[in-house]
Amino acid sequence: MSEQRIESVYFVDGCVIEHDYIYFTSKLKSLDPNEYDFSRMFYLDRENWIYHDLNWDVVSCCLLPERDGEKRRYCALSMQGDVELEYLGGVDVEKIEGAGTYEGVGAVKQIKEIAGTLYVCGDQGQVYKRSAPDKWVHMDEGLLDTNISATALDLNGIDGNHEHDVYVVGYHGRIFHRNAAGWSELDSPTNLHLERVCCVSEEEVYICGNEGTLLKGNVDGFSVHRLDDFKEHFWDVEWFDGKLYIASLVGLFVFDGEEIVAVETGLDPDIGGYRLDARDGVLWSFGVDDLAFFDGKKWHRVVHPDNQ
């Protein structure tokens with residue numbers, strides 16, 4: 001009997017389902033992502049590891065909570081606009097028409113739940129809303145540009161408080177806000193690429209990006225905060241227990257409203273970060289090579305069984 005080969009993985013994105021139940025996407029280190037569309041989706045349910053494979057380049061995932069009698073869904077988005085929505089007892093697969101680099105206007109970058117509805121943003125100013133099962137509609141009037149150019153509006157991140165208070169951020173420091181009247185571009189204090197946005201409330205919005213850029217503000221304006229001589233990118237921001245946490249590949253940071261300081265995890269070796277998510281009393285960090293969570297008191301490293 002041949003020995004089963006263990007395939008080591010690196011992590012792309014993840015989300016918290018419950019305090020001890022997470023969902024995340026990974027790729028095999030042995031496969032070139034430029035040549036193969038492949039992702040391995042994992043659940044960690046307490047100490048039980050469960051996975052399935054997709055022949056997709058999954059770039060983002062999120063949780064769609066139970067609402068109006070609908071079961072909660074575990075949502076994965078591919079760069080080409082494929083959406084897998086798993087739930088207890090089944091799975092639905094949907095396609096965002098017009099998205100993707102194969103037959104659409106460009107890659108999509110993030111899927112996000114806002115007030116019980118799924119939204120997606122991507123290159124060429126794409127923004128979509130899931131208006132009903134298997135029905136994705138454009139909500140990018142004035143943003144969508146099908147002419148590929150160096151100055152195209154490529155969007156990396158989306159978040160909001162409700163359907164009439166949505167932000168998208170992207171390349172060249174561009175920030176857009178949508179209210180009941182539609183989209184408007186906001187004054188940006190930077191021309192550096194922006195990666196993710198986190199809406200704590202209508203008054204408190206955070207945006208992160210290249211070279212340690214952190215913006216704080218709202219539709220009325222943003223202020224810039226950064227670490228001196230820090231050239232690493234900030235890849236994600238997440239609000240947890242009254243503080244803003246920031247992920248970089250070289251470590252995690254926290255912003256107290258005035259200054260950015262490194263998080264002392266107490267782990268040895270320390271962890272690198274990439275994506276963050278918080279729910280049900282825990283903050284999870286999904287680094288490229290590290291999984292860890294913070295329960296409000298202590299950081300805990302989680303060793304993936306395929307990476308030992």
Engineer: Report yes if some heavy atom in the side chain of Asn218 is under 4.5 Å from a heavy atom in the side chain of Glu204; otherwise report no.
Structural biologist: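 Asn218 vs Glu204: side chains apart.
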Engineer: So do Tyr10 and Pro33 actually touch side chain to side chain, heavy atoms under 4.5 Å?
Structural biologist: yes
Engineer: Do Tyr171 and Asn210 make a side-chain contact, defined as non-hydrogen atoms from C-beta onward lying under 4.5 Å apart?
Structural biologist: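 No. Closest side-chain heavy atoms not under 4.5 Å.
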Engineer: Kindly compute the distance separating SG (Cys121) from CD (Gln126), expressed to the nearest 0.5 Å.
Structural biologist: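 Result: 9.0 Å between the selected atoms.
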Engineer: Just verifying a value: how many Å separate His52 NE2 and Ser39 OG, rounded to the nearest 0.5 Å?
Structural biologist: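 Result: 9.5 Å between the selected atoms.
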Engineer: Do other residues, nucleotides or ligands put more than 12 heavy atoms under 6.0 Å from Glu202 CD?
Structural biologist: yes
Engineer: Under the side chain to side chain donor-acceptor pair (under 3.5 Å) criterion, do Asp270 and Thr265 qualify, and how do the steps go?
Structural biologist: CA-CA 7 Å; Asp270 210 344; Thr265 65; 2.6 Å; yes
Engineer: Answer yes if Phe286 and Tyr23 sit in the same cluster of Ile, Leu, Val, Met, Phe, Trp and Tyr residues linked by side chain heavy atoms under 4.5 Å apart, and no otherwise.
Structural biologist: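 No, it is not one cluster - the side chains of Phe286 and Tyr23 are not joined through contacts under 4.5 Å.
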Engineer: Mark yes when over 12 heavy atoms from residues, nucleotides or ligands other than Asp187 sit less than 6.0 Å from its CG; otherwise mark no.
Structural biologist: no
Engineer: So do the side chains of Leu215 and Val224 get within less than 4.5 Å of each other, counting heavy atoms only?
Structural biologist: yes
Engineer: Check whether His177 reaches the backbone of Ser184 with its side chain - one donor and one acceptor, N or O, closer than 3.5 Å.
Structural biologist: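 No: the side chain of His177 does not pair with the backbone of Ser184.
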Engineer: Between Val93 and Val108, is there a shared hydrophobic cluster once you connect ILVMFWY residues whose side-chain heavy atoms come closer than 4.5 Å?
Structural biologist: no
Engineer: If two hydrophobic side chains count as joined below 4.5 Å and joins carry through other members, does Val205 share a cluster with Leu186?
Structural biologist: yes
Engineer: For Ile260 and Phe253, which heavy atoms make the closest approach, and how far apart are they?
Structural biologist: CG2-CB, 3.7 Å
Engineer: Assess whether a salt bridge exists between Glu18 and Arg72, defined as any Lys/Arg side-chain N lying under 4.0 Å from an Asp/Glu carboxylate O.
Structural biologist: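 Result for this pair is yes, salt bridge flagged.
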Engineer: With a 4.0 Å cut-off on N to O distance, would you call Asp256 and Lys243 a salt bridge?
Structural biologist: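 So Asp256 does not pair with Lys243 through a salt bridge.
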Engineer: Quick one: are Ile22 and Ile17 in side-chain contact, heavy atoms under 4.5 Å?
Structural biologist: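 Of all side-chain heavy-atom pairs linking Ile17 with Ile22, none is under 4.5 Å.
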Engineer: Decide whether His193 and Asp154 meet the rule of one side-chain donor and one side-chain acceptor closer than 3.5 Å.
Structural biologist: no
Engineer: Quick check: do Val127 and Leu143 have side-chain heavy atoms less than 4.5 Å from each other?
Structural biologist: yes
Engineer: For Tyr102 and Asp37, which I'm curious about, is there any donor-acceptor pair between the side chains at under 3.5 Å?
Structural biologist: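 Yes.
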Engineer: Ser78 and Trp56: which non-hydrogen atoms are nearest, and at how many Å?
Structural biologist: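 Answer, listing the atom of Ser78 first, then Trp56: CB-CB, 3.7 Å.
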Engineer: Within a strict 4.5 Å, meaning less than it, do heavy atoms of the Ile175 and Phe222 side chains meet?
Structural biologist: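 Side chain of Ile175 against side chain of Phe222, heavy atoms only: contact under 4.5 Å found.
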Engineer: Using every non-hydrogen atom in the two residues, find where Leu64 and Gly116 come nearest and quote the distance to one decimal.
Structural biologist: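 Shortest heavy-atom contact: CD1-O, 3.6 Å.
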Engineer: Surrounding CG of Leu88 (heavy atoms of other residues, nucleotides or ligands, distance under 6.0 Å), is the total greater than 12?
Structural biologist: no
Engineer: Is Arg73 close enough and on-axis enough to Tyr87, meaning under 6.0 Å and within 45°, for cation-pi?
Structural biologist: yes
Engineer: Between Asp45 (side chain) and Ile50 (backbone), is there a donor-acceptor pair under 3.5 Å?
Structural biologist: no
Engineer: Between Tyr167 and Cys198, is there a donor-acceptor pair closer than 3.5 Å when you use the side chain of the first and the backbone of the second?
Structural biologist: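 No, because the side chain of Tyr167 does not come within donor-acceptor range (under 3.5 Å) of the backbone of Cys198.
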Engineer: Does atom CD (Glu97) have a neighbourhood of more than 12 heavy atoms from anything else shown, all under 6.0 Å?
Structural biologist: no
Engineer: When you look at NZ of Lys29, are more than 12 heavy atoms from neighbouring residues, nucleotides or ligands closer to it than 6.0 Å?
Structural biologist: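 Counting neighbours around NZ of Lys29, more than 12 heavy atoms of other residues, nucleotides or ligands fall under 6.0 Å, so yes.
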Engineer: Can you name the closest pair of heavy atoms from Arg226 and Gly212 and give their distance?
Structural biologist: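 Result for this residue pair: CB-O, 3.3 Å.
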Engineer: Quick check for you: to the nearest 0.5 Å, what is the distance between Asp236 atom CG and Arg275 atom CZ?
Structural biologist: 5.5 Å
Engineer: Report yes or no: do Leu63 and Leu85 belong to one cluster of Ile/Leu/Val/Met/Phe/Trp/Tyr joined by side chain heavy-atom distances under 4.5 Å?
Structural biologist: no
Engineer: Can you tell which of Phe24, Trp284, Tyr245 makes a ring-ring contact (aromatic ring centres under 6.0 Å, His included) with Phe293?
Structural biologist: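 Among Phe24, Trp284, Tyr245, the one meeting ring-ring contact (aromatic ring centres under 6.0 Å, His included) with Phe293 is Trp284.
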Engineer: Could you check whether Arg40 pairs with Glu7 (Lys NZ or Arg NE/NH1/NH2 to Asp/Glu carboxylate O, under 4.0 Å)?
Structural biologist: no
Engineer: For a quick test of reading the model, state the closest non-hydrogen atom pair linking Asn55 to Phe38 and the distance between them.
Structural biologist: OD1-CD1, 3.9 Å
Engineer: Salt bridge or not between Arg174 and Glu185? Use side-chain N to carboxylate O under 4.0 Å.
Structural biologist: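 A salt bridge links Arg174 with Glu185.
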Engineer: Quick one: does Ser223's side chain have a donor or acceptor within less than 3.5 Å of a partner on Lys216's backbone?
Structural biologist: yes
Engineer: For Ala181, does its backbone N or O pair with a side-chain atom of Asn179 as donor and acceptor, under 3.5 Å?
Structural biologist: yes
Engineer: Aromatic rings Tyr43 and Tyr21: how do their planes relate, parallel, tilted or perpendicular, breaks at 30° and 60°?
Structural biologist: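 Tilted: the ring planes of Tyr43 and Tyr21 meet at 30° to 60°.
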Engineer: How about Leu276 and Leu252: do any of their side-chain heavy atoms sit closer than 4.5 Å?
Structural biologist: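 Yes, close enough: below the 4.5 Å cut-off.
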Engineer: Show your reasoning for whether side chain to side chain donor-acceptor pair (under 3.5 Å) applies to His19 and Asp295.
Structural biologist: CA-CA 9 Å; His19 180 85; Asp295 59 13; over 6 Å; no
Engineer: So, taking the atom named NE2 in His162 and the one named OG1 in Thr117, what distance separates them when rounded to the nearest 0.5 Å?
Structural biologist: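 Between His162 NE2 and Thr117 OG1, I get 12.5 Å after rounding to 0.5 Å.
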Engineer: For Tyr128, run the side-chain contact (heavy atoms from CB on, under 4.5 Å) check against Val120, Val83, Leu118, Ile111 and tell me which one passes.
Structural biologist: Val120
Engineer: Would you compute the distance between atom CG of Leu194 and atom CZ of Phe234 and round it to the nearest 0.5 angstrom?
Structural biologist: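 CZ of Phe234 is found 12.5 Å from CG of Leu194.
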Engineer: Can you tell me how far the CG atom of Leu244 sits from the CG atom of Leu214, to the nearest 0.5 Å?
Structural biologist: 6.0 Å
Engineer: Classify the angle between the aromatic ring planes of Phe11 and His304 as parallel (below 30°), tilted (30 to 60°) or perpendicular (above 60°).
Structural biologist: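 Rings of Phe11 and His304: tilted, as their planes differ by 30° to 60°.
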Engineer: Is it true that Arg196 and Asp159 make a salt bridge, defined as a side-chain N closer than 4.0 Å to a carboxylate O?
Structural biologist: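 Judged by the 4.0 Å cut-off on N to carboxylate O distance, Arg196 and Asp159 do not form a salt bridge.
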Engineer: Going by atom types alone, do Gln124 and Thr146 pair a side-chain donor with an acceptor below 3.5 Å?
Structural biologist: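 Side chains of Gln124 and Thr146: no pair found under 3.5 Å.
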Engineer: Should the ring pair Tyr206 and Phe255 be called parallel, tilted or perpendicular, given that the plane angle runs from 0 to 90° and is split at 30 and 60?
Structural biologist: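 Correct class here is perpendicular.
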Engineer: Minimum heavy-atom separation for Trp299 and Ser285, please, with both atom names.
Structural biologist: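 In this case the closest contact between Trp299 and Ser285 is CZ3-CB, 4.3 Å.
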Engineer: Salt bridge or not between Glu103 and Lys95? Use side-chain N to carboxylate O under 4.0 Å.
Structural biologist: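 Salt bridge flag = no for Lys95 with Glu103.
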Engineer: Charged N to carboxylate O below 4.0 Å: is that the case for Arg178 and Glu141?
Structural biologist: yes
Engineer: Could you check Asp277 against Arg279 for salt bridge (Lys or Arg N to Asp or Glu O under 4.0 Å), going step by step and ending with a plain yes or no?
Structural biologist: CA-CA 7 Å; Asp277 194 47; Arg279 184 176 282 103; 3.5 Å; yes
Engineer: Donor-acceptor check, side chain of Thr101 to backbone of Ala107, threshold 3.5 angstrom: yes or no?
Structural biologist: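 No: the side chain of Thr101 does not pair with the backbone of Ala107.
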Engineer: Determine, using ring centers only, whether Phe176 and Trp183 are less than 6.0 Å apart.
Structural biologist: no
Engineer: Answer with yes or no whether the hydrophobic clustering places Val263 together with Val237; edges join I, L, V, M, F, W, Y residues whose side-chain heavy atoms lie under 4.5 Å apart.
Structural biologist: no
Engineer: Determine, step by step, whether Glu163 and Lys129 satisfy the salt bridge (Lys or Arg N to Asp or Glu O under 4.0 Å) criterion, reporting the C-alpha distance in whole Å, the side-chain angles of both residues, the deciding distance to 0.1 Å, and the verdict.
Structural biologist: CA-CA 10 Å; Glu163 64 175 334; Lys129 173 183 176 180; 3.1 Å; yes
Engineer: Would you say the side-chain atoms of Trp136 and Glu94 include a donor-acceptor pair closer than 3.5 Å?
Structural biologist: yes
